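Here the structure comes first, spelled out in structure tokens, and everything after it is commentary.
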Amino acid sequence: MVYYEITMKLLLIILGLGLSCNTQAQQPSDLQQARDIVASFSKALKSTLKPALKQLGPVAAINVCTEAAPRLAMQFSATTDWQVSRTSLKNRNPQNAPDQWEQQTLQLFEQQKAQGKDITQLEHWQLVTQQGTKVLRYMKAIPTAAKPCLACHGSNINPKIQAQLTASYPLDKATGYQVGDIRGAFSLKKQL
């Protein structure tokens, strides 16, 4: 009887290690996939926004960003296994408000920034259980650059730009940033 119990315990431990190793083995490829999606999403957003800024100016480009960012997020979500979005502690669009996990991660990024870590390298991923389902969550910080970010997210916003922002986003909290601040983060999640 004792031999049987020990054998069963060992079997459960071995199976548990096997499951753990399989999960661990999946995560690096999932992590790289999340990084690749963020890089592609960021590049697509910049390549949409920069020509609009150049051709139409910042006031008209606000509408491009308003439409392009959610459309791109939906496209990446539809063509990958990941739900793709952006969020911020100071969100412009209330629909992009962080959930609890995202808020904690954004606060972690702020702590890491205060410790002198490079904002462009800040990322966090975690396997969590949501409503009984295992979900891999990933976030990558978005640094604030002088151009084009501060035209719409800085402290000294042109009054015409500010008027358009107020019209498009009456609950806007995404201003007052300086170069090197964490503007927000790309946020991805994938059911496993």
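Computed from a prediction, not measured in an experiment: that's the story for all the values here. Only this structure's heavy atoms are used, side chains among them; waters, hydrogens and symmetry mates stay out.
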Is there side-chain contact between Asp30 and Lys190, with at least one heavy-atom pair below 4.5 Å? yes
Ignoring hydrogens and geometry beyond distance, is a side-chain donor-acceptor pair present between Ser187 and Glu102 at under 3.5 Å? yes
Nearest heavy-atom contact between Ala174 and Asp172 is N-OD1, 2.7 Å
Residue pairs passing the salt bridge (charged side-chain N to carboxylate O under 4.0 Å, His left out) test where at least one lies in residues 42-69, sequence neighbours excluded: none
Kindly compute the distance separating OG1 (Thr48) from CZ (Arg71), expressed to the nearest 0.5 Å. 6.5 Å
Shortest non-hydrogen pair, Ser88 vs Pro98, comes out as O-CD, 3.2 Å
Using side-chain heavy atoms (C-beta onward) and a distance below 4.5 Å, is Ser40 in contact with Phe76? yes
Does the side chain of Ile182 reach to within under 4.5 Å of the side chain of Ile142, using non-hydrogen atoms? no
Linked, directly or transitively: Ile37 and Leu127 (ILVMFWY side chains, under 4.5 Å): yes
Between Ile62 and Leu165, is any pair of side-chain heavy atoms under 4.5 Å apart? yes
Are Val59 and Ile157 co-members of a hydrophobic cluster defined by side-chain heavy atoms under 4.5 Å apart? yes
Under 4.5 Å side-chain linkage, directly or through intermediates, the cluster mates of Leu53: Leu49
Measure the shortest side-chain to side-chain distance between Leu188 and Lys140 over non-hydrogen atoms and say whether it is less than 4.5 angstrom. no
Look at the side-chain heavy atoms of Ile, Leu, Val, Met, Phe, Trp and Tyr, link any pair under 4.5 Å apart, and say whether Phe41 and Leu31 land in one connected group. yes
Let me see the working for Thr87 and Met139 under side-chain contact (heavy atoms from CB on, under 4.5 Å), right down to the final yes or no. CA-CA 9 Å; Thr87 190; Met139 285 180 69; 3.9 Å; yes
What verdict does the side chain to side chain donor-acceptor pair (under 3.5 Å) test give for Thr79 and Gln75, after you've listed the backbone C-alpha separation in whole Å, the side-chain angles of each residue and the deciding distance to 0.1 Å? CA-CA 6 Å; Thr79 58; Gln75 287 174 350; over 6 Å; no
When you compare the side chains of Tyr169 and Thr175, does any donor N or O come within less than 3.5 Å of an acceptor on the partner? no
What distance separates Asn91 CG from Lys173 NZ, expressed to the nearest 0.5 Å? 4.5 Å
Is any side-chain heavy atom of Arg183 closer than 4.5 Å to one of Pro143? no
Test your reading of the model: is there a side-chain donor-acceptor pair from Thr144 to the backbone of Asp181, 3.5 Å cut-off? yes
Could you tell me which non-hydrogen atom of Leu122 sits nearest to which non-hydrogen atom of Lys113, and how far apart they are? CD1-N, 4.4 Å
Same apolar cluster: Ile119 and Tyr177, side chain cutoff 4.5 Å: no
For the residue pair Pro170 and Ala167, what are the closest heavy atoms and their distance? CD-O, 4.2 Å
Given the rule that I, L, V, M, F, W and Y join up when any side-chain heavy atoms are under 4.5 Å apart, are Leu192 and Trp125 in one cluster? yes
Residues, nucleotides or ligands: over 12 heavy atoms within 6.0 Å of Asp118 CG: yes
Which pair of heavy atoms, one from Ala69 and one from Arg86, lies closest together, and at what distance? CB-NH2, 3.0 Å
Side-chain contact test, heavy atoms from C-beta onward, threshold under 4.5 Å: evaluate it for Arg92 versus Cys152 and give yes or no. yes
For atom CD of Gln115, decide whether the heavy atoms of other residues, nucleotides or ligands shown that lie under 6.0 angstrom number more than 12. yes
side-chain contact (heavy atoms from CB on, under 4.5 Å) evaluation trace for His124 with Arg137: CA-CA 8 Å; His124 180 70; Arg137 305 237 21 207; over 6 Å; no
For Tyr138, run the side chain to side chain donor-acceptor pair (under 3.5 Å) check against Glu123, Gln33, Lys189 and tell me which one passes. Glu123
Which pair of heavy atoms, one from Ala73 and one from Ser85, lies closest together, and at what distance? CB-CA, 4.5 Å
Within the 4.5 Å heavy-atom criterion, are Val84 and Phe186 side-chain neighbours or not? no
Apply side chain to side chain donor-acceptor pair (under 3.5 Å) to residues Asp99 and Gln103 and explain how you reach the verdict. CA-CA 6 Å; Asp99 64 23; Gln103 186 168 353; over 6 Å; no
Side-chain donor-acceptor pairs under 3.5 Å in residues 104-111, sequence neighbours left out?
residue : atom : partner : partner atom : Å
Thr105  : OG1  : Trp101  : O            : 2.9

